Amino acid sequence: MASASLLLAWYDRHRRTLPWRGTRDPYRVWLSEVMLQQTTVAAVTPRYTRFLERFPDVAALAAAPWEALAEEWAGLGYYARARNLHAAAQAVVERGSFPGDSAGLAALPGIGAYTAAAVAAIAFDEPVMPVDGNVERVTARIFAEQMPLHAAKVRLARLAAGFMAQPEARARPGDFAQAMFDLGATICTPRRPACALCPWSGECAARALGIAETLPAKAAKKVRPVRHGVHFLLRDAEGRMLLRRRPPEGLLGGMLEVPGTAWREAGWAIEEAMPFAPIRAGWQVLPGEARHGFTHFELRMRLLVARCPSLPRIEGFEAHPGEGLALPTAMRRLLALDAAALPVAGKV
DNA sequence: CAATCGTGGGT
DNA sequence: TACCCAAGATT
């Protein structure tokens, strides 16, 4: 069993300065943990600061319209996080305060076992071990667990909980949890771990066996199918666009999109796609296609454009200016085709 | 419970 | 360029 005191001593010397470090405000800790779900520190850092300027506390977030939150989350991905964040904020305001422990936190939408434990440990000093990818990797290496990750998850979580059970860790739950994150992020990295600098190297079974970099064992990767879509960009004389709000659930749920066909594996002939245009107009096919990789498929989109003096009012569609939009990256890539086709630069 | 759900940065 | 992958949750 690796000693908690060794890790804490290392953390006290090497802790990283991050925007969410140093606060124990449950709102801020919660926001940082949700933003960091499957998202890198580099990507989160500027967005976290900006988000807090716009929504400084849970009441402000709860009172905000979804459109404002969608705008603020655009480009961060996994938009269910934003929807759940909004619903949870409203639940917290409704009940009057944040739940006081990890079990209560886990009952809020978008807060699973990991996030509940992380917020409780950091904000409430509750001695629970948040088990994320870092903790799984560190634990798998310490114990030289060679089972594939998906099969070893329960066992790794139990072993990681054993770390937090040590008195030195229980005395500083938030620091110990964040020490594990920092260790995984800077020393016990997925590739080329810096074992020579690791405070636990002397007690690491994987290092002793020379197999640290191979753990945790990874599942076989699957092939990502290609899907195709055709989209229709209608602009007026002032550059406003006719957009559509996607359904609240599912892929890019609640975000704006350029209207178009469904995304399917079979390619679209332009003629076949025309019935999906919002209006009949002189649609011009732009050269090239926009590509965007989602987690489980790759998307290729063609774009047709048309101009009109003023945007029509159509049920289900909205006119939007060119700025401050809840447009996910996939849609921004699509709009870039139009920008590239313009003879004069200066548009986004 | 395996599949779904995004994106930017690093290599 | 192409791949890997990151402080996961939900169904």
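Predicted model only: the values in this text are computed from it and were never measured. Below, chain A is the first sequence line, B the second, and so on; all start at residue 1. For the numbers below, each heavy atom of this structure counts, side chains included, while hydrogens, waters and symmetry mates do not.
Residues forming a salt bridge (Lys or Arg N to Asp or Glu O under 4.0 Å) with K218(A) (at least two apart in sequence, or on another chain): none. With sequence neighbours excluded, the residues that form a side chain to side chain donor-acceptor pair (under 3.5 Å) with D125(A) are R24(A). With sequence neighbours left out, the salt bridge (Lys or Arg N to Asp or Glu O under 4.0 Å) criterion links D57(A) to no other residue. Scored by the salt bridge (Lys or Arg N to Asp or Glu O under 4.0 Å) test, R16(A) finds D182(A) as partners (sequence neighbours excluded). Partners of R291(A) according to the side chain to side chain donor-acceptor pair (under 3.5 Å) rule, which considers only residues two or more places apart in sequence or in another chain, do not exist here.
Remark on DNA chain B: of its neighbouring residues R191(A) and M331(A), the 5'-side contact belongs to M331(A), judged by nearest-heavy-atom nucleotide. Positionally, the nearest nucleotide of DNA chain C for T40(A) lies more toward the 5' end than for the other of Q37(A) and T40(A).
Here the range on DNA chain C touched by chain A, meaning any atom under 4.0 Å from one of its heavy atoms, is dC4(C) to dT10(C). Mapping heavy-atom proximity under 4.0 Å, the span of DNA chain B touched by chain A runs 5' to 3' from dA3(B) to dG8(B).
Using a 4.0 Å heavy-atom distance criterion, A177(A) is classed as making no nucleic acid contact. The residue K222(A) sits close only to the backbone: its heavy atoms come under 4.0 Å of sugar-phosphate atoms, none of a base. Among the atoms of the strands shown, base atoms are found under 4.0 Å from some heavy atom of G293(A). Counting any heavy atom pair closer than 4.0 Å across all strands shown, P130(A) reaches no nucleic acid atom. Among the atoms of the strands shown, only primed sugar atoms or phosphate atoms (P, OP1, OP2) are found under 4.0 Å from some heavy atom of T329(A). Across all strands shown, H292(A) has heavy atoms under 4.0 Å from sugar-phosphate atoms exclusively, and none from any base. Contacts of S32(A) with the nucleic acid, taken as non-hydrogen atoms under 4.0 Å apart, are absent.
Rounded to whole Å, the C1' atom of dA6(C) lies 12 Å from the corresponding atom of dG6(B). On the C1' atoms, dT11(C) is 9 Å away from dC1(B), given to the nearest whole Å. Comparing dA3(B) with dA7(C), their P atoms sit 23 Å apart, to the nearest whole Å.
In this structure, the side chain of T261(A) engages the main chain of V230(A) through a donor-acceptor pair within 3.5 Å.
Screening residues 200-222 of chain A for ring pair (Phe, Tyr, Trp, His ring centres under 6.0 Å), with sequence neighbours left out, gives F163(A)-W200(A). Listed by first and then second residue, the salt bridge (charged side-chain N to carboxylate O under 4.0 Å, His left out) pairs involving residues 137-151 of chain A are E145(A)-R155(A) (not counting sequence neighbours). Applying the ring pair (Phe, Tyr, Trp, His ring centres under 6.0 Å) test to every pair with at least one member in residues 295-324 of chain A, sequence neighbours left out, gives these pairs: F294(A)-F297(A).
Between the side chains of R21(A) and Q178(A), a donor-acceptor pair is found at a separation under 3.5 Å.
Listed by residue number, the members of residues 76-93 of chain A with any heavy atom below 4.0 angstrom from DNA chain B are L76(A), G77(A), Y78(A), Y79(A). Near DNA chain C, meaning a heavy atom under 4.0 Å from it, residues 4-24 of chain A has R16(A), L18(A), W20(A), R21(A) in order of number.
Considering CG of L243(A) and CG of L234(A), their distance stands at 10.0 Å, rounded to 0.5 Å. Considering CD of E168(A) and CG of L8(A), their distance stands at 8.0 Å, rounded to 0.5 Å.
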For side-chain contact (heavy atoms from CB on, under 4.5 Å), just list the numbers for L61(A) and F51(A), CA-CA rounded to whole Å, side-chain angles, deciding distance to a tenth of an Å, and then say yes or no. CA-CA 10 Å; L61(A) 179 57; F51(A) 192 101; 3.9 Å; yes

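Salt-bridge check for E289(A) with R302(A): failed, with every basic side-chain N at 4.0 Å or more from each acidic carboxylate O.
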